[in-house]
Every structure is written in structure tokens, then in C-alpha cells.
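Have a look at the structure below before the remarks.
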Amino acid sequence: MASISMIGKLTALLSQAFVSCGLDPRHSRVIISDRPDLGQFQCNGALAAAKALKKNPRAIAEAVIAALPDREIFSDISIAGAGFINLTITDEFLASHMREMTGDGRLGCLKSSQPKNVIVDFGGPNVAKPMHVGHLRSTIIGDCLQRLFRFMGDNVTSDIHLGDWGLQMGMLICELKRRQPELPYFDASHAGPYPGESPVTIDDLEEMYPVASARCKGDENEMEAARAATAELQQGRPGYRALWGHFVAVSVSALKSDFGRLGVSFDLWRGESYYNDRLAGMIEGLKAGGHAQVSEGAIVVPVSSPSDKKEIPPLILEKSEGGYLYGTTDLATIEERTGEFHADLVLYVVDKRQHLHFEQVFRAAKIVSFARNAELEHIAFGTMNGTDGKPFKTRAGGVMKLKDLIAMVTENALERMRENRIAEDFDESERQSIARQVGIATLKFADLGNHRTSDYVFDVANFSRFEGRTGPYLLYTAVRIKSILRRASDEGLVPGPILAPTVPAERELMLNLCWLPEKIRNATAERAPNYLCDFIYTLAQVFSRFYQQCHILREEDPAVQSSWLALLQLCLRELELVLSLLGMEIPERM
RNA sequence: GCGCCUGUAGCUCAGUCGGAUAGAGCAACUGCCUUCUAAGCAGUGGGUCGGGGGUUCGAUUCCCUCCAGGCGCGCCA
């Protein structure tokens with residue numbers, strides 16, 4: 001039988017008391033105390049209940065306390081101020097809860113009662129465009145969410161949803177044609193086959209795209225040509241399809257390497273193009289069903305509603321000159337996800353500036369009955385700005401490539417190791433591996449630590465800092481625990497039953513270890529990785545305090561020492577779990 | 001013009017259905033390494049929570065208004 005969290009146990013007791021007083025048990029929620037000087041836990045429900053019933057809050061609090069069962073687990077129950085109920089549990093009850101957590105493979109975290117089919121759509125890189133720092137947020141937030149939902153027991157499918165079918169493909173085709181018109185891909189009379197070797201490398205593509213994009217922006221004729229090429233590609237012109245295949249293959253191989261460096265993986269590597277064959281039929285069906293109509297020469301699905309505060313433009317499925325848009329493929333993707341994958345929940349981890357687009361797509365999906373019963377959710381995140389407050393650019397004015405950013409933080413970590421003369425006697429491959437893990441942790445924590453929806457300032461200096469509230473601090477804490485456990489094991493010391501705490505720092509550590517299940521649940525419910533960051537950083541701080549005050553290996557009382565070893569194991573398991581949910585790897589030593 | 005978002009310590013940010021004395025890191029200053037890793041620990045100073053109203057026993061949190069900034073608004077993604 002799965003164990004219940006401390007908060008869960010206490011709330012259940014308060015809930016019983018509320019019910020027996022004839023009060024709404026919704027108000028019985030127990031939370032971590034804001035006033036540790038007055039109690040370890042608090043319940044503010046008496047105030048809310050009193051407000052609803054227009055009664056005296058202190059009287060209600062007193063009645064609730066009087067009705068509270070299992071009072072022997074509390075060392076103090078009191079009412080303060082307007083009617084706050086403050087609770088402190090006995091050290092023995094706290095220790096018994098620790099022992100219970102130790103015996104539970106999931107550390108007290110229940111799985112969701114009804115597992116859902118969840119699709120997480122994130123990353124969203126475009127073919128030919130290099131991964132830059134702007135892709136970092138979607139990638140690591142999305143990855144954290146897929147890990148969280150998987151941990152909660154849901155059936156998760158992650159999909160990169162590659163941008164491989166839009167206008168940029170037409171631009172690239174035109175750009176290459178300008179440079180190498182003699183290639184067979186451009187000869188409409190060429191009967192095939194086409195060369196198996198790509199005419200371009202990833203570096204070529206990354207160089208060509210900005211040039212092509214600027215040219216089209218500046219010249220309407222070039223833009224027309226790019227649109228025409230895009231339409232021809234989408235309609236299946238063989239030479240263009242062959243060329244496009246090379247573009248995609250070359251890009252995907254580079255992307256796999258970038259995502260691999262970050263430790264992020266996807267179940268599906270589908271792109272917009274995957275849905276191309278069903279687009280024409282889908283549009284025909286929607287026209288026949290009366291959902292799609294012609295407007296200003298384009299085929300659209302109107303999505304506005306009379307209750308809107310502002311006019312919501314229709315979702316355009318087909319441009320007036322032919323050719324599909326990303327809204328078209330998005331709609332087809334929803335039909336596939338709710339149909340073939342039976343998705344209950346689809347999360348789109350995309351920049352918040354695209355909110356209107358998702359509003360249009362989600363409404364359209366509902367109107368045309370593609371959404372079925374699935375919840376479609378735009379997991380919006382804020383812009384990453386430079387220190388000047390504007391979207392981040394390098395000094396050269398370009399965007400910083402993710403590959404370069406990762407190389408930079410890894411190099412900074414190595415530099416730090418040299419400065420502090422750490423790991424000098426480790427072999428080179430281990431040093432490299434530690435630097436990579438530290439660098440990635442720095443990067444991910446600096447990003448995930450901020451609330452998802454807020455814009456934040458990206459300062460390269462932040463990724464060179466390894467002190468204070470950073471990823472490396474968390475790794476360091478876990479590594480120190482591992483080190484102690486290793487030494488203890490070498491000395492033949494074994495963990496034993498966790499005993500009641502003997503010093504305040506130890507009690508604080510135990511209390512913080514109790515919060516885990518609620519923190520994970522809240523992070524999942526709010527889709528907010530920063531809740532995990534807050535929790536794990538505080539836990540690491542509390543552990544460090546305990547570590548400073550209590551010398552584990554030098555402890556003379558063997559029962560206390562083995563209790564502490566067990567406590568360390570438990571703390572390490574929480575660190576390992578949360579860091580893995582955040583997508584960080586812990587070295588054996590650092 | 002309309003809509004959405006943001007404004008919290010010098011800087012970067014938390015603050016989880018309204019709750020008690022608003023937190024952390026960095027920066028500044030003071031201590032702690034013959035003792036389990038100092039990427040650490042202990043401590044000091046630093047705030048009219050953008051301004052003003054309102055609801056409430058109670059507002060950083062909810063409502064209104066003003067100021068400042070950002071973003072979005074039919075054939076790009």
C-alpha cells in the first residue's frame with residue numbers, strides 16, 4: 001500500500017474535524033507554516049469557514065481543535081491571531097513518517113488516479129535554422145513536463161513537431177537555385193533519380209537561411225518566387241521533394257546532436273510535412289461540413305464568438321494562391337492526436353507571443369470536432385531578453401547558437417575546476433563529463449528557476465556562476481551526500497532505523513523532506529518547473545545546515561549515526577528524483 | 001486604436017485557490033578550512049510590493065483607475 005504524504009495525513013485529520021463540526025472540509029487544507037516560531041504546520045480554514053458562515057473564526061477554530069482525532073501525534077495545537085490553527089507534531093511521529101517514506105519506492109508520491117494519454121509538443125525547431133538560445137526554454141520546460149507527467153503515471157508521448165513545411169523551405173529552394181541552378185532538382189524535365197548525397201551541409205543551410213529570408217523581405221518578386229516554390233513543394237514536385245528531403249535529413253542529424261547534448265529526447269520526430277497528405281482531404285471535408293468557407297480568396301474557419309472582447313481573426317487553412325500554413329498542419333495534427341493517439345491532454349510548449357494563434361487553432365479544433373474530449377493547452381513561456389531588456393542577441397547582433405552556449409558553460413565549469421584545483425587526479429574523460437553535467441545543470445537551473453510565463457533577462461554571466469542558488473550547488477549537495485555514504489560503507493557502517501531528531505537542524509531537514517509529494521503535484525498541476533527548483537534548493541540549503549552542524553562519520557552514538565545515514569539516503573533519493581525530473585545528471589564526485 | 005502580459009531590495013528573480021513579521025541569490029561588510037568536498041556554513045545592512053482608490057476582520061495577491069514598459073492583432077513561423 002502506497003504511503004500518504006505528511007500534508008495528506010494532517011489534512012485528513014483536519015478534514016474529519018471540520019466535518020464533525022458541520023463545516024465544509026474544503027477548508028481543512030493544512031499547509032507548511034509561514035510562522036515556524038508558532039508551529040510547523042498551519043490550517044487557515046477556520047477563517048474561511050467563518051467568513052462563509054458569518055461566524056466567529058476563533059470559536060470555529062476552537063471547535064475544530066476540540067474535534068481533532070489522533071491528538072497524540074501533536075506536541076502542540078494552538079490558535080493564534082484571528083483564528084489560525086498552528087500545529088506541531090511530535091518528533092517521534094516525524095521520525096515514523098521518515099521511516100515510512102524510506103520504505104516507499106515513490107517516497108510518498110501517489111500516481112494520478114486516472115492516467116491520461118498526454119502529448120507534449122515542444123522543442124519545435126525549424127529545419128535549416130540553427131538551434132539558438134530561444135529554443136532553450138521550450139526544450140527544457142517541455143522536457144521537464146514530459147518527465148513530470150511520466151512520473152505521475154500518465155502515458156506520455158513527446159513530439160518535436162519539426163517546422164519542416166513552411167515558407168522557409170521555399171525560400172531555401174530559391175536560394176539554392178540562385179547559387180547552383182545547374183543541379184538536377186531544378187530541372188522540371190529531369191526524370192530522376194536524384195543524387196543520394198546532399199548538395200548542402202548544415203553549415204550551408206544555416207548560412208543560407210538568413211540570406212534568403214532577408215532577400216525575400218526586401219524584394220516582393222523574390223517573396224513571390226518563394227511562395228510559389230513552397231506551393232510546388234507541397235503539391236509534390238519531385239525535384240523539390242528530393243531536395244527538401246536532403247534539407248530535412250541534414251538538419252535532423254544536427255538537431256539530434258544538439259538535443260543529445262542537453263539530455264533531451266523525443267518519442268516522435270514528426271514534422272508539419274508528416275500531415276501534408278491529409279490536408280487537402282481535411283479541407284474538402286471541412287468545406288463539405290460547412291465549417292470552412294472562402295473569405296478574401298482564402299479558405300478559412302471562422303472562430304470568433306459574440307462574447308469576445310476583441311475580434312478573433314479566422315484560422316486560415318489555405319492561402320488565396322494555394323499553399324498551407326502552420327495553422328493547417330496544427331489542425332490536422334490535433335485530429336491525428338485525438339484520433340489515433342486518443343490524447344486526453346495536449347500541451348504545446350511555445351512562446352507566449354503565439355497565444356492568439358493557439359486560441360484560433362484550439363477554437364477551430366473544437367468547432368470542427370477534432371478536439372473530441374481532449375484538453376488543448378498552450379503552455380506559454382516568456383521571452384528571454386538580453387541585459388538591455390530586448391530579445392537576446394550576441395554582441396555581433398546575431399542569435400547565440402545553443403551549441404556555442406553549451407560549449408561556453410562547459411568550458412567555464414572546467415575553468416572553475418582548474419581554479420579550485422578540483423578533480424586534478426581524475427582522468428580526462430571524467431573531468432569532461434563532470435564539466436558537461438555541471439554546465440548543463442547551470443543552464444537548466446538558470447532557466448527553469450524562473451517562472452515559466454515571465455520574461456527574463458539572459459545574462460551570459462549567470463551561466464558562469466556556480467555559487468549560491470545555482471544548478472551546481474544542487475549537484476554539489478548530492479555529491480557530498482554520496483561521498484559520505486561511500487565512506488560510511490567503506491568503514492562498514494550501515495543505515496538503520498530513523499530516530500527522532502536530536503537537534504533543530506535535523507528536525508528541519510526531516511520536515512523539508514516531507515514536502516516532496518505536494519511540491520511535485522503542484523509543479524505538475526501548474527506546469528511550473530520553478531516550484532521544483534524552489535523546493536530542491538531549499539532542501540539542499542537545509543541539508544547543508546545539518547551537514548555543517550552534525551558530523552555524521554564522527555558521531556559516537558552508533559544508533560544516531562545509523563539513523564543519520566538513513567536520513568542522508570532519503571535526502572539523496574529526493575535530490576536524485578527531483579534533479580532527474582529537472583533533467584539534470586548528478587556526477588559521482590566533483 | 002483594441003486586446004494580453006509585466007512593474008517586489010542596488011542587480012536578477014521567488015512569493016502555489018487573500019492570511020500573521022514580504023523571501024532568496026548576486027553585489028557590500030564580518031566571521032568559520034590540521035575535522036565527512038569552502039562550488040560550503042554562520043551573521044550584518046538593504047523594501048512607500050509602480051501611484052491612487054475600492055472590497056475585506058485582513059490585499060504583493062481580488063476589482064477600478066492612472067503611470068511606465070513589453071507583446072500581439074487575416075494569408076510568416
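The chains referred to below are lettered A, B, ... by the order of the sequence lines, with proteins before strands, and numbering in each begins at 1.
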Base-pair map of RNA chain B as dot-bracket, where | denotes pairing with a different strand and pairs are Watson-Crick or G-U under 3.5 Å: (((((((..((((.....[...)))).(((((.......))))).....(((((..]....))))))))))))....

Taking any heavy-atom pair under 4.0 Å as a contact, classify [X]: base, sugar-phosphate, or nothing.
{"X": "A:Arg227", "value": "sugar-phosphate"}
{"X": "A:Ala525", "value": "nothing"}
{"X": "A:Asn530", "value": "sugar-phosphate"}
{"X": "A:Ile312", "value": "nothing"}
{"X": "A:Asn385", "value": "nothing"}
{"X": "A:Glu518", "value": "nothing"}
{"X": "A:Gly81", "value": "nothing"}
{"X": "A:Leu356", "value": "sugar-phosphate"}
{"X": "A:Lys352", "value": "sugar-phosphate"}
{"X": "A:Asn56", "value": "nothing"}
{"X": "A:Arg465", "value": "sugar-phosphate"}

Test side-chain contact (heavy atoms from CB on, under 4.5 Å) applied to [X] - qualifying residues, sequence neighbours left out:
{"X": "A:Glu467", "result": "A:Arg416"}
{"X": "A:Cys514", "result": "A:Met6, A:Leu94, A:His97, A:Met98"}
{"X": "A:Tyr473", "result": "A:Thr470, A:Thr477, A:Tyr537, A:Ala540, A:Gln541, A:Ser544"}
{"X": "A:Ser305", "result": "A:Ser307, A:Asp308, A:Arg363"}

Under the side chain to side chain donor-acceptor pair (under 3.5 Å) rule, collect the residues that match up with A:Glu206, sequence neighbours excluded. A:Lys401

Could I get the full list of side chain to side chain donor-acceptor pair (under 3.5 Å) partners for A:Gln354, not counting sequence neighbours? A:Tyr326

For nucleotides 38-45 of chain B, tabulate all protein N/O to nucleotide N/O atom pairs closer than 3.5 Å, reporting atom names and distance.
from, atom 1, to, atom 2, distance (Å)
B:A38, OP2, A:Arg480, NH1, 3.2
B:A39, OP2, A:Asn420, ND2, 2.6
B:A39, O4', A:Arg416, NH2, 2.9
B:G40, OP1, A:Gly468, N, 3.0
B:G40, O2', A:Arg480, NH1, 3.4
B:G40, O2', A:Arg480, NH2, 3.0
B:C41, OP1, A:Tyr473, OH, 2.7
B:C41, O4', A:Gln548, OE1, 3.3
B:A42, OP1, A:Arg545, NE, 2.4

Decide, applying a 5.5 Å centre-distance limit and a 30° plane-angle limit (both strict), whether A:His355 stacks on B:C4. no

Hey, is A:Phe84 stacking on B:A20? Ring centres under 5.5 Å, planes under 30°. yes

For A:Lys287, salt bridge (Lys or Arg N to Asp or Glu O under 4.0 Å) partners two or more places apart: A:Glu284

Tell me: [atom1] of [X] to [atom2] of [N], nearest whole Å?
{"X": "A:Phe381", "N": "B:C4", "atom1": "CZ", "atom2": "P", "answer": "22 Å"}
{"X": "A:His357", "N": "B:C71", "atom1": "NE2", "atom2": "C1'", "answer": "17 Å"}
{"X": "A:Phe445", "N": "B:C13", "atom1": "CZ", "atom2": "P", "answer": "14 Å"}
{"X": "A:Glu359", "N": "B:C4", "atom1": "CD", "atom2": "P", "answer": "12 Å"}

Step-by-step side chain to side chain donor-acceptor pair (under 3.5 Å) determination, A:Asn276 to A:Tyr324: CA-CA 9 Å; A:Asn276 188 60; A:Tyr324 306 120; 5.7 Å; no

Please assess A:Glu518 against A:Ser5 for the test side chain to side chain donor-acceptor pair (under 3.5 Å), listing each intermediate value before the final yes or no. CA-CA 8 Å; A:Glu518 278 72 27; A:Ser5 72; 2.6 Å; yes

Whole-angstrom distance between B:C2 and B:C64, as gauged at atom P: 16 Å

B:G58 and B:A20: how far apart are their C1' atoms, nearest whole angstrom? 9 Å

Would you tabulate the pairs of protein nitrogen or oxygen atoms and nucleotide nitrogen or oxygen atoms of nucleotides 56-58 of chain B closer than 3.5 angstrom?
from, atom 1, to, atom 2, distance (Å)
B:U56, O2', A:Lys51, NZ, 2.9
B:G58, O6, A:Lys51, NZ, 2.7

Which ones in residues 214-225 of chain A lie close to RNA chain B, meaning a heavy atom under 4.0 Å from one of its atoms? none

Close residues, residues 447-455 of chain A, relative to RNA chain B [heavy-atom separation under 4.0 Å]: A:Asn450, A:His451, A:Ser454

In terms of the nearest nucleotide of RNA chain B, which residue is placed more toward the 5' end: A:Gln42 or A:Gln354? A:Gln42

